**Student:** 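My structure is below; once you've seen it, I'll send some questions.
Every value quoted in this text rests on a predicted model; they were computed, and no experiment measured them. The sequence lines fix the lettering, A, B, ..., with proteins before strands; numbering per chain opens at 1.
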4 protein chains.
Amino acid sequence: MPKLGMEPIRRAALVEAAIAEIGAAGTLDVTVSRIARRAGVSSGLAHHYFGSKEQIFLASMRHIQTLFGRRVREELRSADTPRDRLNAIIAASFDPDEFAPEIVSAWLIFYVQAQNSPEARRLLHVYTTRLHSNLVFNLKSLTNDANAHVIASALGALIDGLYIRQALGENRLDRYQTMGLVWDYLDIKLSQGGER
Amino acid sequence: MPKLGMEPIRRAALVEAAIAEIGAAGTLDVTVSRIARRAGVSSGLAHHYFGSKEQIFLASMRHIQTLFGRRVREELRSADTPRDRLNAIIAASFDPDEFAPEIVSAWLIFYVQAQNSPEARRLLHVYTTRLHSNLVFNLKSLTNDANAHVIASALGALIDGLYIRQALGENRLDRYQTMGLVWDYLDIKLSQGGER
Amino acid sequence: MPKLGMEPIRRAALVEAAIAEIGAAGTLDVTVSRIARRAGVSSGLAHHYFGSKEQIFLASMRHIQTLFGRRVREELRSADTPRDRLNAIIAASFDPDEFAPEIVSAWLIFYVQAQNSPEARRLLHVYTTRLHSNLVFNLKSLTNDANAHVIASALGALIDGLYIRQALGENRLDRYQTMGLVWDYLDIKLSQGGER
Amino acid sequence: MPKLGMEPIRRAALVEAAIAEIGAAGTLDVTVSRIARRAGVSSGLAHHYFGSKEQIFLASMRHIQTLFGRRVREELRSADTPRDRLNAIIAASFDPDEFAPEIVSAWLIFYVQAQNSPEARRLLHVYTTRLHSNLVFNLKSLTNDANAHVIASALGALIDGLYIRQALGENRLDRYQTMGLVWDYLDIKLSQGGER
DNA sequence: AATGAATGAGTTTTCATTCAT
DNA sequence: GATGAATGAAAACTCATTCAT
């Protein structure tokens, strides 16, 4: 059965299987064998391509980041004004797809991993930095630079906080009310002045 | 030399040891033996008292919640007006002690556990509910009821989001700026009207 | 079945089992499980007591060294003059027990291990140093110091070389002829002068 | 781009790579993949040519013997008298090249393998026999036959013993002192009589 | 009450070997 | 001739849990 050029196919299959297994378990405590079986390959092959369990997880995290980045770009495509773009970025974070159990699990585990794994931390840093830049870039058309940074920081934290609560069923608001909360905060801070 | 009445002492020692080990590891992946050794007892005794590893962890989580509740009550003791009390509740979440590595680990793991363990979820729910009630109770003196709930929801999410970012070094602001952000949000929302 | 004070008993049983298994295989390629089974315990216990396979081997080597040291001391007990003692030391190295297959295997593997394992090298060094000191001490009554060291070096190498050839069936001489060869060398070098 | 007549080239490359890897590891515990990679071919090809890992090792051992035989012949080329030839044979064993790590490893592993592998034993036997014959042949011009055999046996063992000690850093003498020791032994035994 | 001896299932990881291409 | 994809068995090591003492 061995064919040429299988590596990228196998890697992708293993990453997807890892995300699915982690999501199903809600934990990093899944065996490489299970992941490999779900991907339809032997555990040996998983190690052959990734070297270790940790690397499979990091690849999975990278994949999830990539999916999120793609989602943001898609939302941005139909946004024309800076304000529209800010709303689009916010909407991407609350897209129903982002609340699929395996994505939620991945994000929560991500946070735990970020404490120790430098690579996970780096990935987390990429995520927060990108979100921040995206927000700041658009805010700068609407308010002064210092203000833009503070607002972006607050928005980032608010989004993360609401996401986690929503994901764990601890949010009293529905999806639209939740996004409304963020938009409302944005409205207020922008109307407060700090003109360019 | 087993003595009578040792049970509560042993249990407390084991819980504290578990929290310390989890904090040191940044994971739930700590062995019962290590916990027991740190508590100065045998692993057999740990099982004798708790029955299983899982139970040790749940007891640890309960303990951490208790500590947090105590901290909130302490902060509240020196607050007289509703607004002071709101500030006190916020301050409790950003107390430097809350950022001790083992506390940070505990919270992050909490979120992961809450996905599957009903007991962990219940504890998390107790935390969010208590925080919400605390906030709502004091907000109700300052704005109408519906408003109070929305503001409390936003505050809760904002606090959690800022906490995680701060804990993982992804917060661009220092402790005072961070609390300032929350107070500022509170000021705005309260000044917006919705009088009682 | 667990009893107190089993540790030394288990350790000894595991060391003996390791020597037997290594001897039977003629290689270090024996599994911990096999060793443990022969010792009548679980593989987990072997790791519990020794930490790693390597440590089991090192303990085995130490044991073999100890046995050899004991043999030398026994031979020495019935020797009165320096020359008798030199003969006794030589005889110990060619004792039939030293040619048991598992002892031969252990020594040969020892040499291989000594290339990389600092601990094995140290053990080997202890063996050569002790043999050298033993020889030098007795030679010093019969010749001058510098001579004693050179003769001891030659004797050590000759003993080792003859041992290996004998052990591998590449020695054309029988046991007594072999020892005679060494004694003869000693006779010549001592008769050559270099008086004290 | 497979070319014709590559087989001997590949085989030689694999044997040399195997010796290098074994030397680097100090063990037979090297993977076929590593050997193949060092030889610049795939692991599949290594199996294609040799059939199994064991066969690669045996070919490597044969190669090392060949190299040693060549070295002896080279040393002998510039020797004219029997005594010169004896010295040349001794010198070959203590040639600095013989102490290259991979050669030392090979010899030590050889001894271990000789216990079980008939092929390794045969090779070892060829080595000792050849050395013995070489020595005896030249000794016969200088002493009687029986004497020649005994001296050759002693010399062989002395050389091996000194080689191992030198290789493992357990020799107190430098290279010239070491060879001097052997020459000295030869001098004495030849001067003792046993004339032809 | 408390210990530590003991197990054995489970997990990661490695690797020789095979085989389609 | 040559590759690299793929397997699967095997091994070291870990650890929660049990239990005699």
Side-chain angles (χ1 to χ4, degrees), chain A residues 1-7 9-10 29-36 40-56, chain B residues 1-7 9-10 29-37 40-56, chain C residues 1-7 9-10 29-37 39-56, chain D residues 1-7 9-10 29-37 40-56:
Chain A
M1 299 147 221
K3 290 175 207 150
L4 272 93
M6 290 305 277
E7 176 157 353
I9 295 167
R10 296 308 191 197
D29 285 332
V30 292
T31 70
V32 173
S33 293
R34 282 187 69 87
I35 294 171
V41 300
S42 70
S43 70
L45 197 66
H47 278 97
H48 177 65
Y49 282 129
F50 286 95
S52 78
K53 192 180 168 182
E54 164 136 40
Q55 290 302 318
I56 301 177
Chain B
M1 301 139 213
K3 296 177 205 143
L4 286 151
M6 287 304 277
E7 176 155 354
I9 295 168
R10 296 304 196 198
D29 285 331
V30 293
T31 71
V32 173
S33 294
R34 283 186 69 87
I35 294 171
R37 197 178 317 138
V41 300
S42 70
S43 67
L45 197 63
H47 276 92
H48 178 66
Y49 280 132
F50 286 94
S52 78
K53 191 180 172 180
E54 167 123 41
Q55 291 302 319
I56 301 177
Chain C
M1 301 143 217
K3 290 175 206 150
L4 271 92
M6 289 306 277
E7 177 157 352
I9 296 167
R10 296 309 192 197
D29 286 331
V30 293
T31 70
V32 174
S33 292
R34 282 186 69 87
I35 295 171
R37 196 176 317 136
V41 300
S42 70
S43 68
L45 197 66
H47 278 98
H48 177 64
Y49 282 129
F50 286 94
S52 78
K53 193 180 168 180
E54 165 135 41
Q55 290 303 318
I56 300 177
Chain D
M1 302 143 213
K3 295 178 205 141
L4 285 151
M6 289 301 279
E7 175 154 354
I9 296 168
R10 298 302 197 197
D29 285 332
V30 294
T31 71
V32 174
S33 294
R34 282 185 70 86
I35 294 170
R37 198 179 315 138
V41 300
S42 70
S43 67
L45 196 64
H47 276 91
H48 178 66
Y49 280 132
F50 286 94
S52 78
K53 191 179 171 179
E54 167 123 40
Q55 290 304 319
I56 301 177

**Student:** Below the 4.0 Å mark, does E:dC15 have OP1 or OP2 next to a side-chain nitrogen or oxygen of D:R34?
**Tutor:** no
**Student:** Could I get the full list of side-chain contact (heavy atoms from CB on, under 4.5 Å) partners for D:S33, not counting sequence neighbours?
**Tutor:** D:T31, D:R37, D:S43
**Student:** Sequence neighbours left out, what passes salt bridge (Lys or Arg N to Asp or Glu O under 4.0 Å) with A:E7? Give chain and number order.
**Tutor:**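 Result, salt bridge (Lys or Arg N to Asp or Glu O under 4.0 Å) vs A:E7: A:R11.
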**Student:** Looking only at non-hydrogen atoms, find the nearest pair between A:V32 and A:H47 and report the distance.
**Tutor:**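 Closest approach of A:V32 to A:H47: CG1-CE1, 3.6 Å.
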**Student:** When the distance from CG of B:D29 to P of F:dC13 is rounded to whole Å, what number comes out?
**Tutor:** 19 Å
**Student:** Could you state the atom-to-atom distance from CZ of C:R37 to C1' of E:dA6 in whole Å?
**Tutor:** 17 Å
**Student:** Whole-Å distance between E:dT11 P and A:I35 CD1?
**Tutor:** 12 Å
**Student:** Can you name the side-chain contact (heavy atoms from CB on, under 4.5 Å) partners of B:S52, sequence neighbours left out?
**Tutor:**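 Testing B:S52 for side-chain contact (heavy atoms from CB on, under 4.5 Å), a comparison that skips the adjacent residues, returns B:E54, B:Q55.
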**Student:** Is any side-chain N or O of C:R10 closer than 4.0 Å to OP1 or OP2 of E:dA5?
**Tutor:**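 The answer is no; no side-chain N or O of C:R10 sits under 4.0 Å from OP1 or OP2.
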**Student:** Under 4.0 Å, counting only non-hydrogen atoms across every strand here, what does B:T31 touch: a base, just sugar-phosphate, or nothing?
**Tutor:** sugar-phosphate
**Student:** Between A:V30 and B:V41, name the one whose nearest nucleotide on DNA chain E is closer to the 5' end.
**Tutor:** B:V41
**Student:** Between C1' on F:dA12 and CD1 on C:I56, what's the gap in Å once rounded to a whole number?
**Tutor:**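 So the CD1-C1' distance, C:I56 to F:dA12, works out to 10 Å.
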**Student:** May I ask you to list the residues of residues 43-52 of chain A, by number, that have any heavy atom positioned under 4.0 Å from an atom of DNA chain F?
**Tutor:** A:G44, A:L45, A:Y49
**Student:** Kindly give the heavy-atom pair with the smallest separation between B:R10 and B:L45, and that separation in Å.
**Tutor:**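 So the two residues come closest at NE-CD2, 4.0 Å.
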**Student:** Both D:G40 and A:G40 contact DNA chain F. Which one's nearest nucleotide lies toward the 5' end?
**Tutor:**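 The residue whose closest nucleotide sits nearer the 5' end is D:G40.
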**Student:** Given a 3.5 Å cut-off on both pairing distances, which stems involving DNA chain F, each at least three consecutive Watson-Crick or G-U pairs, are present, if any?
**Tutor:**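 So far as stems of 3 or more pairs are concerned, DNA chain F shows E:2-21 with F:2-21.
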**Student:** For A:R34, which residues count as a salt bridge (Lys or Arg N to Asp or Glu O under 4.0 Å) partner, sequence neighbours excluded?
**Tutor:** A:E21
**Student:** Can you identify which nucleotide, out of F:dC13, F:dT3, E:dT17, has its nearest atom closest to the D:K53 side chain?
**Tutor:**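 Between F:dC13, F:dT3, E:dT17, the one nearest the side chain of D:K53 would be E:dT17.
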